[in-house]
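Presented below is the structure to which this report refers.
Below, all heavy atoms of this structure are taken into account, side chains as well, without hydrogens, waters or symmetry copies. Note that the coordinates shown come from a computational prediction; the quantities given were computed from them, not determined experimentally.
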Amino acid sequence: MEDHPGSAAQGGALAEALARCVGARIDAAHANPATGLVALAVYDGTRRVLGAGIGPRVSGAGILPRLPRLRAGASHPLVAAMRAHLVGRRVLAIEVRGDGIVVVAGDGDAVAEAAPRLEAAPGLRPAAEPGLGSAQSEPGLRPAQSEPGLRPAAEPGLSPAESEPGLGSAAAPRLSPAAAEPGLGSSPGARLELIPGRRGEARLLDAAGNLILRWPPHGSAPPAAIAYPADPLAAGAALVEASDDAAAGQEKAALARAVKARRAALERRAEAVRGDLGRLGSVARLQKTGQLLLAQGARVPRGAAKALLDDWETGGSIEVALDPARPAKAQAETLFAKARRYQRGEAVMRARLAETERALSAIAALEADVAAAEARPEALDPLAQRARSLGVSRAELAGAGEPGPSGARVPGAGRPAPRRPFHAYRSASGAAILVGRGAEDNDALTTKHARPHDLWLHAKGVTGSHVVVPLAKGASCPADVLVDAATLAAHFSDARGEAVCEVSYVQRRYVRKPRGAAPGAVVFDREKVIAVRIEGDRLSRLLATKEEG
C-alpha cells in the first residue's frame, strides 16, 4: 500500500479512535458484499466496531454505532476468511494510512509474551492505554500512535509490494523476515488491509505476508488518496445506515420478484388442476367405449390398430384406436379403469384446486403488501416469513443476480434459471422427493440427477413418473418418507385414482437405461415392492409442497 501523507493526516481523528482498539479481542467480522460494508467488532471491556465501505454502494470509514443489520452469511468467502483468521485473536497493531487501514491480529498468548520485547524494540510500543494489554507488531507495522496522523519513516525490512500472480494490478505487500526484531518473532495471525472507496477492496494476508483472499476477487481501481472523516462516530453512523438502506432496497426487489414468480407458479398449477377436472367430462365416453369394445371385440381382427364399433345409442359408429399387441377385452378394461380413476380422483383434484386458489389469494395480498412496504429490515422481515410460509424458497429470497461488490453483475444474472426435469415435493419430515415431469425428463432425472445411492421408485406395471428420494451415502430411507414417495409415484402414473397401488423401489445404482429404449423406459434389478394405500390427506399434504421446476 502506498503512503499519502496528506490523506493520512486527514485520518488523525480516526487513527486516535482506533488506537484504543489495540490489544482488544476481535469478537466479530461481518460484511455485506452487495453494498461493500466491512465491519470488525473488538472488545476490551467496551465494544467498538470499525467499519469500512469498499463499494460499490457505500464508501468511507468510521466507528459504527452497531453491526449492520443486513450482512452476508458465514459461507461468504470474505466473511469466512475473516472469521477463520481474525475472530478470537487480539489486535496487535492498527494504522490509518493515506491509502487504507491496516489491522494486524495475533493470538492472545502472543500479546502477553511480546510485551517485554515490544518495550525494548525501537520504533515499536504496546497500546498506549493501560489495561488494554500489549501488542506485538508485525514487521513494517506499528501499534496505533498517540499522535494521530503522524508516521515515522518506513522501517527497514519492509520489502517492496509484490503483485500476486493472476490477481490484477493491485499489489499485495509481502513482509520480509529480516524486519523482525531479534527474538521478537512473528505473531501467528493475519493482517487485514481495507481500502475504502467506491472501487476499494479488502485484502487478508497471513503473518508471513502471503495473500489469503482479496475482495472483490478481480481487483480494484488504482490507489487513490482517501479523505477520512473528521468525526469518525458520525461517519460510522451514516455508513451503516446507508449500507442497510441500500441492502434493504435490494432485498425488497428480490422479495417482490420471488413473490411474483410464486404467484405465476400457483396460477399454472390452478390451470393444470382445472384441466384435470375437465377430463371428468370424458368419463361417460370412456365407459361407453369400453362397453362397446367389450361387446364387439370378438369381431375385431387380431393385431388391429383401430376398430370401427357400432354405436347402438345413435345408430352411427365410433372409431377407436387400439394397441395391436393387446386383446380388445384387456383394452376395454383399461378404459373402465381410467374412468374409475377420474371419478375417484375428483375429490382430490377439487381439494387441490381449492387449496391452490386460497394460496393464490394469499400470495396476491402479499404481493400488494410488498409493493407498499418501506425498504427497511423491520418491515421486510415479516413479509419474507409470510413468503416462506407460502412456498417461496430461501434461494429465491436471496436475490440472486443482484450487482456484486464490484458493481458488475454476477455471471448469469438476468437469465432465466435452467428448467429442471423434475418437480420437488417435501415429506412431512422435510425430506425432498423428486418427481419426473415427463418421459424424457424421467431419463434426465434418473441418469443425470440421481446418485447411485439415492432411492428410485416407480408405480409397478403401469406408465408413470420416475421418483427419486435423495439420500446420504449409506443412509436408508425412513419409512414415512418411503410411503410419501410411493404415494407420489402412484399418483403420477396411470394408477392415479386407485385405492391401492404397488410401487417398485430400488437403489438408483440398479436402474439401467437400455440402448435404444424409448424415452422413460428403464430396467432394474433387486426390486422391492410396497403396496401403498392412497390416503387423501397424505396426498393433499404432499401436493401442497410442490416446488416448481
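- At distances below 3.5 Å, at least one donor-acceptor pair connects side-chain atoms of Arg90 with backbone N or O atoms of Gly23.
- Leu266 CG to Glu271 CD: the interatomic distance, rounded to the nearest 0.5 Å, is 13.0 Å.
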task: Carefully, step by step, assess His423 and Leu488 under the rule side-chain contact (heavy atoms from CB on, under 4.5 Å).
output: CA-CA 11 Å; His423 290 306; Leu488 289 172; over 6 Å; no
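- The CG atom of Asp107 sits 4.5 Å away from atom CZ of Arg89, with the distance rounded to the nearest 0.5 Å.
- Remark: Arg538 engages Asp484 in a salt bridge, criterion side-chain N to carboxylate O under 4.0 Å.
- A side-chain donor-acceptor contact under 3.5 Å links Arg437 to the backbone of Arg420.
- Considering every non-hydrogen atom in both Leu64 and Gly236, the closest pair reads CD2-O, 3.2 Å.
- Pro56 and Arg198 make their closest contact through O-NH1, 3.0 Å (heavy atoms, listed as atom of the first residue, atom of the second, distance).
- Electrostatic pairing of Arg386 and Asp369 counts as a salt bridge here, judged by a charged N lying under 4.0 Å from a carboxylate O.
- Atoms CG and CG, on Leu78 and Leu204 in that order, are 8.0 Å from each other to the nearest 0.5 Å.
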- request: Walk me through it: do Val87 and Asp27 pass the test side-chain contact (heavy atoms from CB on, under 4.5 Å)?
  value: CA-CA 6 Å; Val87 173; Asp27 266 0; over 6 Å; no
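- Formation of a donor-acceptor pair under 3.5 Å by the Arg451 side chain with backbone atoms of Leu471 is found in this model.
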- request: Please assess Val259 against Ile363 for the test side-chain contact (heavy atoms from CB on, under 4.5 Å), listing each intermediate value before the final yes or no.
  value: CA-CA 7 Å; Val259 170; Ile363 207 78; 3.9 Å; yes
- prompt: What's the verdict on side-chain contact (heavy atoms from CB on, under 4.5 Å) for Ile54 and Ile195, showing C-alpha distance, side-chain angles and the deciding distance?
  reply: CA-CA 6 Å; Ile54 61 173; Ile195 305 174; 5.6 Å; no
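- In this structure, CZ on Arg71 lies 10.5 Å from OG on Ser243, to the nearest 0.5 angstrom.
- Panel note: side chain Asp206, backbone Asn210; a donor-acceptor pair is recorded below 3.5 Å.
- Panel note: side chain Ser59, backbone Gly55; no donor-acceptor pair is recorded below 3.5 Å.
- At a threshold of 4.5 Å between non-hydrogen side-chain atoms, the residues Val370 and Leu366 count as touching.
- Ion pairing of Glu201 with Arg203 is present here, as a side-chain N (NZ or NE/NH1/NH2) and a carboxylate O approach within less than 4.0 Å.
- Taking every heavy atom of both residues into account, Leu86 and Ala105 meet most closely at CD2-CB, 3.9 Å.
- Although no hydrogens or angles enter the test, the distance criterion places no donor-acceptor pair under 3.5 Å between the side chain of Arg83 and the main chain of Ala80.
- Electrostatic pairing of Glu241 and Arg66 counts as a salt bridge here, judged by a charged N lying under 4.0 Å from a carboxylate O.
- At least one side-chain heavy atom of Arg97 sits under 4.5 Å from a side-chain heavy atom of Val102.
- Under the 3.5 Å distance criterion, the side-chain polar atoms of Ser361 are left unmatched by any main-chain donor or acceptor of Arg358.
- Nearest heavy atom pair, residue Leu213 against residue Pro77, reads CD2-O, 3.9 Å.
- Taking every heavy atom of both residues into account, Ala72 and Val79 meet most closely at CB-CG2, 4.1 Å.
- Within the 4.5 Å cutoff, no side-chain heavy atoms of Leu255 are placed close to those of Lys252.
- Of all non-hydrogen atoms in Leu360 and Arg263, the two that sit nearest each other are CD2-O, 3.7 Å.
- Note that OG1 of Thr356 is 8.5 Å distant from CG of Leu543, once rounded to the nearest 0.5 Å.
- Here the side chains of His76 and Trp215 are in contact, with some heavy-atom distance below 4.5 Å.
- Residues Val469 and Val481 have side chains in contact (heavy-atom distance under 4.5 Å, counting atoms from C-beta outward).
- Atom CG of residue Leu380 and atom CD of residue Gln385 lie 11.5 Å apart, to the nearest 0.5 angstrom.
- For the side-chain contact (heavy atoms from CB on, under 4.5 Å) with Ile63, the lone residue among Cys21, Pro232, Pro229 that qualifies is Pro232.
- Leu192 places a side-chain heavy atom less than 4.5 Å from the side chain of Leu40.
- Using a 4.5 Å heavy-atom threshold, the side chains of Leu18 and Ile101 count as touching.
- A salt bridge does not link Arg269 with Glu267: none of the charged nitrogens is closer than 4.0 Å to a carboxylate oxygen.
- The closest donor-acceptor contact from the side chain of Thr545 to the backbone of Leu542 lies under 3.5 Å.
- For Tyr228 (side chain) and Gly98 (main-chain N/O), no donor-acceptor pair under 3.5 Å exists by modelled atom type.
- Side chains of Val468 and Leu455 form no contact here, defined as non-hydrogen atoms less than 4.5 Å apart.
- His449 and Arg508 share no donor-acceptor pair across their side chains, judged by distance under 3.5 Å alone.
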